[in-house]
Number of protein chains: 2
Amino acid sequence: MTLLRDQALACRDAAPAIAALDTAAKQRLLHRMADALLADTALVLAANAIDMAAAQQNGTSTAMLDRLRLDAGRLTAVAEAMRHVAGLPDPVGLVTRRETRPNGITVERVRIPLGVIAMIYEARPNVTADAAALCLMAGNAAILRGGSDAMHSNLAIAAALRRALREEGLPEAVVTVIDDPGRDAMVELLQLTDIVDLAIPRGGEGLIRFVAEHARVPVIKHYKGVCHLYVDRDADETLALDLLIDGKTSRPGVCNALETLLVHHDIAASFIPKAVAALHARGVEVRGDDATRILAPEVRVATDDDYAAEFLDLVIAMRVVPDIDDAITHIRRFGSDHTEVIATCDSAAADRFVKALRSAVVMVNASSRFSDGGELGLGAEIGISTTRLHAYGPMGAESLTVERFVVRGEGQTRHPV
Amino acid sequence: MTLLRDQALACRDAAPAIAALDTAAKQRLLHRMADALLADTALVLAANAIDMAAAQQNGTSTAMLDRLRLDAGRLTAVAEAMRHVAGLPDPVGLVTRRETRPNGITVERVRIPLGVIAMIYEARPNVTADAAALCLMAGNAAILRGGSDAMHSNLAIAAALRRALREEGLPEAVVTVIDDPGRDAMVELLQLTDIVDLAIPRGGEGLIRFVAEHARVPVIKHYKGVCHLYVDRDADETLALDLLIDGKTSRPGVCNALETLLVHHDIAASFIPKAVAALHARGVEVRGDDATRILAPEVRVATDDDYAAEFLDLVIAMRVVPDIDDAITHIRRFGSDHTEVIATCDSAAADRFVKALRSAVVMVNASSRFSDGGELGLGAEIGISTTRLHAYGPMGAESLTVERFVVRGEGQTRHPV
């Protein structure tokens with residue numbers, strides 16, 4: 001086992017080589033990586049079988065085992081995802097603004113890579129390839145610290161990616177897997193302020209809180225998605241019902257699923273019985289306030305804990321609000337700054353909702369399930385930020401770069417010389 | 001003394017009131033604040049006199065006393081700076097991108113305020129007004145923690161600003177001065193992760209390292225500016241000399257002053273004697289490597305410490321490099337990611353320099369002294385970031401906002417309902 005700091009230093013020192021590549025070279029690299037991964041299918045699946053056997057012996061849950069498991073089909077999808085990333089617009093070198101100042105100097109803002117990204121994740125070994133591809137496409141080196149359960153799988157995937165790097169004449173250290181599975185090693189990584197430019201944790205709330213508490217390097221994170229649908233007085237009820245069912249039931253275990261429904265008092269008598277019937281028909285447990293339960297007596301009582309909960313399951317909290325301001329107050333109190341939706345035909349109400357809430361994504365008459373990098377047009381997603389700094393909401397390749405200043409003159413000085 | 005956490009909570013709870021203001025209301029507020037500050041001239045100067053007397057008794061240095069001192073002229077300049085900020089473009093609500101996705105939803109990126117900004121600074125009481133103005137113009141609430149030396153001045157300035165807030169019907173807590181001067185209070189403030197969205201330290205390296213080490217909230221900082229001028233083989237020597245003299249001597253105590261001169265070997269015999277003579281004529285001490293000292297024997301020996309130093313004084317380190325790659329290597333090793341300059345007539349060399357270096361500001365044939373929010377067109381400056389996250393280089397009002405997603409649809413769902 002190489003010392004973690006030495007591994008990380010090698011990654012940092014290799015980073016300029018990836019930052020210097022032009023778009024075509026990065027595209028060639030990612031396609032070669034996808035080829036290498038497929039060529040290593042047997043090796044990767046054998047490594048994954050070792051991880052799976054150990055996880056089964058440890059009594060790992062079925063859900064976790066499913067995340068850990070690779071097969072030929074999943075590996076092909078991972079390779080295809082790398083090729084997809086290769087086709088995304090290259091954010092590096094993009095001139096976002098250009099201005100000539102009164103003294104004649106031209107000032108450009110140009111995107112450059114962040115440098116070294118540390119990804120901290122849990123069971124899914126596909127993140128090793130997904131995250132490496134997006135980091136590299138944005139000109140960054142990647143330090144990957146996956147879960148100990150997936151260590152053999154992650155190392156096998158990284159071996160394929162690193163072979164592709166060597167074949168392209170690039171330093172393999174730009175993709176570095178931390179092979180020490182301990183929490184101490186993770187803490188050490190999170191404190192390398194002279195090496196790591198950004199840490200992105202992906203996983204359960206426990207992992208993310210651990211990272212946030214122990215990091216000295218910058219962290220972009222999201223704890224949870226307590227997403228709200230507010231059905232306004234002037235909502236189209238059929239449309240609102242569609243957003244409710246899609247938001248709650250199309251994939252309840254993800255962070256952009258709906259967790260709470262707020263209904264304007266004036267539409268409640270008409271909407272709530274339909275909503276509860278539709279939810280119950282799809283096996284969703286409904287927990288509501290007194291007003292909800294008068295209209296739908298079969299609904300269970302909701303507590304404040306329910307309004308704060310990210311159920312990630314077929315459960316929804318429901319509440320009748322006297323007006324839009326009360327909906328906004330509720331969301332400010334219980335929300336997680338992830339995604340909020342209003343269903344309304346009143347454009348003034350929509351504008352008010354959008355302006356008053358500062359969540360990362362606010363939707364008008366569209367499903368919360370669109371709160372996703374691919375759906376919002378980012379091409380791919382490295383994570384979601386609910387921290388209002390650098391990036392807010394789904395993060396694509398561009399979020400792995402930063403704007404800097406490039407100035408060109410003809411000898412201008414600030415003071416006469 | 002109110003409990004710090006209660007003060008900070010009041011600031012956070014007041015933040016939506018400032019976030020909701022339109023541009024005209026913010027402009028009116030800032031002009032009213034400038035008026036209030038001028039109306040309170042006598043009070044502010046009396047408070048400042050108390051601070052000055054205490055500082056003199058404590059044996060504070062002349063330079064520090066000068067930073068602390070206010071007079072009617074300086075206060076007028078502070079008020080004028082607030083009026084200038086009122087005239088800047090309002091970043092809040094700016095739609096930076098708009099796209100219609102294949103399913104018909106429109107996706108906008110819209111700038112919103114960060115929320116609560118904590119400014120941590122030292123002796124200059126004018127920062128209280130400058131920082132408050134820029135934070136408010138970007139829709140943010142501000143928690144201001146100045147140096148204990150300037151406490152009376154800061155509180156007197158804040159009292160004027162808060163009266164203006166009340167007169168505009170706004171909660172005065174959006175401008176909150178921490179009146180506990182202790183380091184413990186600063187540490188407590190820096191750990192309020194549920195309240196403070198961003199901390200910006202401004203001051204000496206000691207303060208900034210202290211903030212970076214103790215903060216659990218996000219911090220944007222810069223430690224120092226070790227700015228380089230590289231004079232390429234194909235430089236115009238007169239132009240290069242102008243950049244050298246302006247960069248080193250026009251204001252040596254600031255972070256965008258030059259600290260190191262690198263000279264291409266092929267131009268050294270001609271350029272170095274002229275450079276040394278011009279620097280010596282302006283009282284600049286020169287420290288050079290052997291090659292420099294062969295051409296200018298009166299130059300003192302430079303050590304690695306000199307190449308790493310931010311002199312902030314009439315001292316410069318000098319070195320002859322065999323080629324542009326060696327200049328880039330030197331800057332990567334000793335630089336602080338702040339500002340680097342190349343003097344050259346060779347556009348390929350200029351492009352190579354710009355691309356290979358990842359400093360926040362890179363200049364071609366222009367003085368390092370332009371590395372400043374005002375000079376680069378930001379209108380005003382809240383600080384400089386040498387952290388490649390969120391903002392990199394001089395930060396204006398826009399850096400106190402973040403892009404989020406606003407989506408509008410007509411009932412689209414991700415899956416058929």
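Naming convention: chains lettered A, B, ... in sequence-line order (proteins, then strands); numbering from 1 in each chain.
Using a 4.5 Å cut-off between heavy atoms, B:Arg352 makes no contact with chain A at all. For a residue to count as touching a neighbouring chain, one of its non-hydrogen atoms must lie under 4.5 Å from one of that chain's; by this rule A:Ala212 touches chain B with the backbone only. Residue A:Leu378 touches chain B through its side chain alone, counting heavy-atom pairs closer than 4.5 Å. Contacts of B:Asp236 with chain A are absent, with no heavy-atom separation under 4.5 Å from either backbone or side chain. Interface remark: B:Leu243 contributes backbone and side-chain atoms alike to the contact with chain A (heavy atom separation under 4.5 Å). Heavy atoms of A:Leu376 lying under 4.5 Å from chain B belong to its backbone as well as its side chain. Only the side chain of A:Val402 comes within contact range of chain B, with at least one heavy atom under 4.5 Å from a heavy atom of that chain. For A:Pro394, the parts lying under 4.5 angstrom from a heavy atom of chain B are both the backbone and the side chain. Heavy-atom distances place both the backbone and the side chain of A:Leu389 under 4.5 Å from chain B. When heavy atoms are compared at a cutoff of 4.5 Å, B:Glu108 does not approach chain A at all. If you measure heavy-atom distances from B:Val107 to chain A, the contacts under 4.5 Å come from the side chain alone. With a threshold of 4.5 angstrom between heavy atoms, B:Asp13 does not approach chain A through any atom at all.
No option in A:Asn140, A:Val116, A:Ile18, A:Leu114 other than A:Asn140 meets the side chain to side chain contact (heavy atoms under 4.5 Å, CB included) test with A:Cys135.
B:Lys355 contributes a side-chain N or O that, together with a main-chain N or O of A:Ala20, makes up a donor-acceptor pair within less than 3.5 Å. Put simply, the side chain of B:Glu381 never gets that close to the backbone of B:Gly374: no donor and acceptor are under 3.5 Å apart. Distance alone, capped at 3.5 Å, places no donor-acceptor pair between the B:Thr386 side chain and the B:Asp337 backbone. Between the side chain of B:Ser385 and the backbone N or O of B:Ala391, at least one donor-acceptor pair lies under 3.5 Å. With hydrogens and angles ignored, the 3.5 Å screen pairs no side-chain donor or acceptor of A:Glu213 with any backbone N or O of A:Val211. A donor-acceptor pair under 3.5 Å is formed between the side chain of A:Arg414 and the backbone N or O of B:Arg369. Here the side chain of B:Glu340 pairs no donor or acceptor atom with the backbone of B:Ser359 at under 3.5 angstrom. Of the possible donor and acceptor atoms, none in the side chain of B:Arg404 sits under 3.5 Å from a partner among the backbone N and O of A:Arg388.
Put simply, of B:Leu239, B:Val361, B:Val362, the one with the most heavy-atom pairs under 4.5 Å next to chain A is B:Val362. Among the candidates A:Val364, A:Asp242, A:Asp246, the residue making the largest number of heavy-atom pairs closer than 4.5 Å to chain B is A:Asp246. Options B:Thr387, B:Asp372, B:Ile342 differ in how many heavy-atom pairs under 4.5 Å they form with chain A, and the most are formed by B:Asp372. The candidate from B:Ala360, B:Ser250, B:Ser368 with the greatest count of non-hydrogen atom pairs under 4.5 Å with chain A is B:Ala360. Contact count versus chain B (heavy atoms, under 4.5 Å) is highest, among A:Thr96, A:Val417, A:Val219, for A:Val417. Among B:Ala240, B:Gly93, B:Gly377, the residue with the largest count of heavy-atom pairs under 4.5 Å with chain A is B:Gly377. Ranked by non-hydrogen atom pairs under 4.5 Å with chain A, the options B:Arg216, B:Glu99, B:Arg358 are led by B:Arg216.
Here A:Arg332 does not pair with A:Asp325 in a salt bridge; the nearest charged N to carboxylate O distance is not below 4.0 Å.
Within the model, atoms CG of B:Asp90 and CD of B:Glu398 stand 11.5 Å from one another, a figure rounded to the nearest 0.5 Å. Here the straight-line distance linking atom OG1 of B:Thr401 with atom NE2 of B:His390 works out to 6.5 Å at 0.5 Å rounding.
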